[in-house]
Amino acid sequence: MNTEAGLEHCLSFINCQLQSPRGVLGFHNGNHRRAITISRQTGSGGHATAERLAALLQARCPGTGAPWTVFDMNLVERVLEEHHLPQRLARFMPEDRTSEIADTMDELFGLHPPSWTLVRKTAETILRLAEMGNVIILGRGGNIITAKLEHMFHVRLVGSLERRIRHVQEVNQLSPGEAQAFVHSHDLGRSRFVRKYFNREIEDPLLYHMVINTDLVSFEEAAELIADRVVSNVRAHQGIGAMAA
């Protein structure tokens, strides 16, 4: 994603949320609001699924405040802006960082704040976005950070190593060997990130409402499955509210 365009979309989302009336029925009203986290194995279609999902939810639930927005790389831009941090810190904030030694050395030489500080600030931003609703947050332990928020829906995308390597190879125009190394390093880094900062295992199925194998369904079908579940949950809540009234 183009980071400049991503940040512009991010700011548009937040401005719209701040201006939206809270009394409008839909996802944005009380318990009817929804937010989604997507955890993914590298090459299992996380971003493609999230973008399709945002479009589906926007089409099925119009007039619910801010447009459904995906936060992936643009989340880093939002964290830097919200916490008044210099842009140069962006390169120290990937969730797939694999070298703890390099990270520690960078901190010792003052190249960036301690990694725990950056993770805490990222978590604060994720919580604020999730509280607003109408967001799809990729990675960064979003499902664990927002686990106590009742309006969340957590998804994990998985796939066979062979297919994931092939997808990464096609998308990034890499050789088979380069794609395999890319998948391995990113999977390892994301697993370390969740284990180090949240003391959880990223592959634990109990952390998710839904685990989808994108070997067996297309990215579009995965988005449809998630959208169907989220929309049905919201309508169920609305029905309960109508009966209580």
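Positions are given from 1 along the sequence.
Between Arg200 and Asp204, some side-chain heavy-atom pair lies under the 4.5 Å cut-off. With contacts defined as side-chain heavy-atom distances shorter than 4.5 Å, the pair Ile36/Leu57 qualifies. You'll find the side chain of Gln169 stays beyond 4.5 Å of the side chain of Ser175, heavy atoms only. The closest side-chain heavy-atom distance from Thr125 to Phe71 is not below 4.5 Å. Counting heavy atoms from C-beta on, the side chains of His209 and Val155 never come closer than 4.5 Å.
Annotation: the span from Leu207 atom CG to Ser39 atom OG amounts to 8.5 Å, rounded to 0.5 Å. Note: Arg166 CZ to Leu161 CG = 11.0 Å, rounded to the nearest 0.5 Å. To the nearest 0.5 Å, atom CG of residue Leu56 and atom CD of residue Glu51 are 11.5 Å apart. Atom CD1 of Ile165 and atom CD of Glu178 lie 12.5 Å apart (nearest 0.5 Å).
Cluster membership for Ile126 and Ile202, using ILVMFWY side-chain heavy atoms within less than 4.5 angstrom, is shared. Hydrophobic clustering, with ILVMFWY side chains joined whenever heavy atoms are under 4.5 angstrom apart, groups Ile137 together with Ile145. Residues Tyr197 and Ile144 share a hydrophobic cluster, clusters being chains of Ile/Leu/Val/Met/Phe/Trp/Tyr side chains in contact below 4.5 Å. Under a hydrophobic clustering in which Ile, Leu, Val, Met, Phe, Trp and Tyr are joined whenever their side-chain heavy atoms come within less than 4.5 Å, directly or via other members, Leu138 and Ile212 fall into the same cluster. Hydrophobic clustering of Ile, Leu, Val, Met, Phe, Trp and Tyr side chains at less than 4.5 Å, counting indirect connections, unites Leu127 with Phe198.
Across every non-hydrogen atom of Thr49 and Ala222, the tightest pair is CG2-CB, 4.0 Å. Minimum interatomic distance between Asp215 and Gly159 (heavy atoms only, all atoms of both residues): OD1-CA, 3.6 Å. Residue Gly43 comes nearest to Val168 through the heavy atom pair CA-CG2, 3.7 Å, listed as atom of the first residue, atom of the second, then distance. Taking every heavy atom of both residues into account, Gly133 and Ala35 meet most closely at CA-CB, 4.4 Å. Closest non-hydrogen pair, Leu149 versus Ala130, comes out as CD1-CB, 3.9 Å. Contact between Leu174 and Phe182 at its shortest, heavy atoms only, is CD1-CB, 4.3 Å.
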**Report entry** Stepwise side-chain contact (heavy atoms from CB on, under 4.5 Å) test for Arg34 and Phe153
**Finding:** CA-CA 7 Å; Arg34 282 293 178 269; Phe153 191 76; 5.5 Å; no
**Report entry** Pair Glu124-Arg140, salt bridge (charged side-chain N to carboxylate O under 4.0 Å, His left out): steps then yes or no
**Finding:** CA-CA 12 Å; Glu124 290 172 0; Arg140 299 183 181 278; over 6 Å; no
Requested in this report: Evaluate the side chain to side chain donor-acceptor pair (under 3.5 Å) criterion for residues Asp187 and Thr42: first the C-alpha distance (whole Å), next the side-chain angles of each, then the deciding distance (0.1 Å), finally the verdict.
Outcome: CA-CA 6 Å; Asp187 278 349; Thr42 307; 2.8 Å; yes
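One N or O on the side chain of Ser218 and one on the backbone of Glu221 form a donor-acceptor pair closer than 3.5 Å. The closest donor-acceptor contact from the side chain of Thr69 to the backbone of Pro67 lies under 3.5 Å. In this structure a side-chain-to-backbone donor-acceptor pair under 3.5 Å is present from Ser44 to Leu157.
The existence of a salt bridge linking Arg60 and Asp228 is confirmed by a sub-4.0 Å separation between a basic side-chain nitrogen and an acidic carboxylate oxygen. Using a 4.0 Å cut-off between charged nitrogen and carboxylate oxygen, Glu170 and Arg164 do not count as a salt-bridge pair.
Taking the ring centroids of His154 and Tyr208, they lie at or beyond the 6.0 Å cut-off. In this structure, the ring of His167 has its center less than 6.0 angstrom from the ring center of Phe219.
Neither side chain, His184 nor Gln180, offers a donor N or O lying under 3.5 Å from an acceptor on the other. Side chain to side chain, Gln41 and Glu203 meet the donor-acceptor criterion of an N or O pair below 3.5 Å.
The salt bridge (Lys or Arg N to Asp or Glu O under 4.0 Å) with Glu201 is formed by just one residue from the set Arg195, Lys196, Arg190; it is Arg195.
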